[in-house]
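Positions are given from 1, in the same order as the sequence printed here.
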Amino acid sequence: FPVTIVVRGSRLPCQRGQGQVNEPTSVFIGVPCLDGRAFTPHVQSVVREVGSLAAVGIPATYVPLTGCSLIGEARNILTRTFQSTPYSHLLFWDSDVEVSPGSVLRLLTHNKPVIGAVGVKKSETAKGIEKFNCLTEDTEITGSLMKMKYLATMFLLVHRNTFSVISAKTDDTFGNWFDMASAKDGT
């Protein structure tokens with residue numbers, strides 16, 4: 001069941017268009033973990049990051065999901081659970097991923113609808129597990145950010161409004177965001 005650390009709400013300055021918008025910020029940390037185990041470095045990172053968020057007044061909750069062998073379905077369940085809460089952001093954080101201090105705050109301050117860490121993608125082939133990077137020839141680098149065609153969900157922050165946009169672009173009405181092929185317009 002969720003472990004929740006709640007402190008008074010925080011407002012991070014968010015740049016949108018011409019003016020400043022202050023939006024209450026809170027983070028729902030969804031962790032798919034099939035067998036109920038999380039690696040020690042992951043747990044240490046979570047404790048540190050939730051503490052860092054609390055120190056600046058950002059509420060966070062940690063919600064592990066166990067027993068679901070299909071990772072896409074596990075993410076869908078976590079997303080539907082997130083949508084039934086008041087949290088502003090869903091952070092997918094895999095149970096075997098450790099991050100450097102301040103990573104969650106860095107993602108939040110960029111104020112992007114979807115933002116995450118660049119990682120290695122894995123693919124099972126006849127030759128075994130092949131690993132490849134998410135970087136492609138389409139990757140655009142702007143300052144400290146990279147705009148990418150693909151981004152792994154291992155450490156991925158998604159703003160609440162993003163799911164409404166996805167649902168509007170797809171035929172999905174059941175919340176199956178992480179196992180659909182593409183949107184109606186092919187994107």
Side-chain angles (χ1 to χ4, degrees), residues 1-12 24-124 129-134 144-146 148 150-160 162-163 175 177-179:
F1 55 90
V3 177
T4 305
I5 297 175
V6 179
V7 294
R8 64 181 171 76
S10 176
R11 295 182 183 275
L12 288 177
T25 303
S26 55
V27 181
F28 178 104
I29 303 169
V31 182
C33 45
L34 170 64
D35 57 5
R37 291 184 284 175
F39 289 89
T40 301
H42 165 82
V43 174
Q44 291 169 330
S45 288
V46 169
V47 169
R48 183 190 60 240
E49 292 300 294
V50 169
S52 295
L53 293 171
V56 296
I58 298 175
T61 188
Y62 180 83
V63 182
L65 177 68
T66 62
C68 187
S69 63
L70 303 171
I71 191 69
E73 181 58 19
R75 293 194 197 286
N76 288 331
I77 292 167
L78 286 165
T79 301
R80 288 190 294 271
T81 304
F82 159 73
Q83 289 186 309
S84 70
T85 72
Y87 289 89
S88 63
H89 293 79
L90 168 58
L91 175 64
F92 286 119
W93 190 342
D94 286 359
S95 63
D96 60 348
V97 172
E98 173 186 15
V99 298
S100 59
S103 294
V104 178
L105 282 171
R106 277 195 301 281
L107 294 181
L108 285 167
T109 57
H110 284 292
N111 192 36
K112 298 290 182 185
V114 179
I115 189 169
V118 176
V120 175
K121 291 183 74 172
K122 293 179 265 182
S123 176
E124 192 168 342
I129 301 291
E130 291 185 6
K131 297 178 180 179
F132 57 96
N133 199 295
C134 300
S144 63
L145 296 179
M146 290 185 269
M148 309 175 81
Y150 305 104
L151 185 60
T153 51
M154 64 178 192
F155 190 70
L156 183 74
L157 184 72
V158 184
H159 189 276
R160 170 174 295 286
T162 303
F163 296 105
W177 300 279
F178 294 96
D179 57 4

Between [X] and [Y], is there a donor-acceptor pair closer than 3.5 Å when you use the side chain of the first and the backbone of the second?
X: E49; Y: V104; result: yes
X: S103; Y: V99; result: no
X: S95; Y: C33; result: no
X: T79; Y: R75; result: yes
X: R160; Y: L90; result: no
X: H42; Y: V97; result: yes

Could you tell me which non-hydrogen atom of [X] sits nearest to which non-hydrogen atom of [Y], and how far apart they are?
X: G36; Y: T66; value: CA-CG2, 3.3 Å
X: S88; Y: T25; value: OG-CA, 3.4 Å
X: P32; Y: D94; value: CG-OD1, 3.9 Å

Give, for atom [atom1] of [X] and atom [atom2] of [Y], the distance between the pair rounded to the nearest 0.5 Å.
X: L108; Y: I58; atom1: CG; atom2: CD1; answer: 5.5 Å
X: W93; Y: F155; atom1: CH2; atom2: CZ; answer: 5.0 Å
X: Y87; Y: T61; atom1: OH; atom2: OG1; answer: 4.5 Å
X: F39; Y: Q44; atom1: CZ; atom2: CD; answer: 13.0 Å
X: F163; Y: R80; atom1: CZ; atom2: CZ; answer: 11.0 Å

Item to complete: Mind checking side-chain hydrogen bond (donor to acceptor under 3.5 Å, both in side chains) for R37 and listing every partner two or more places apart, or none if nothing turns up?
Response: D35

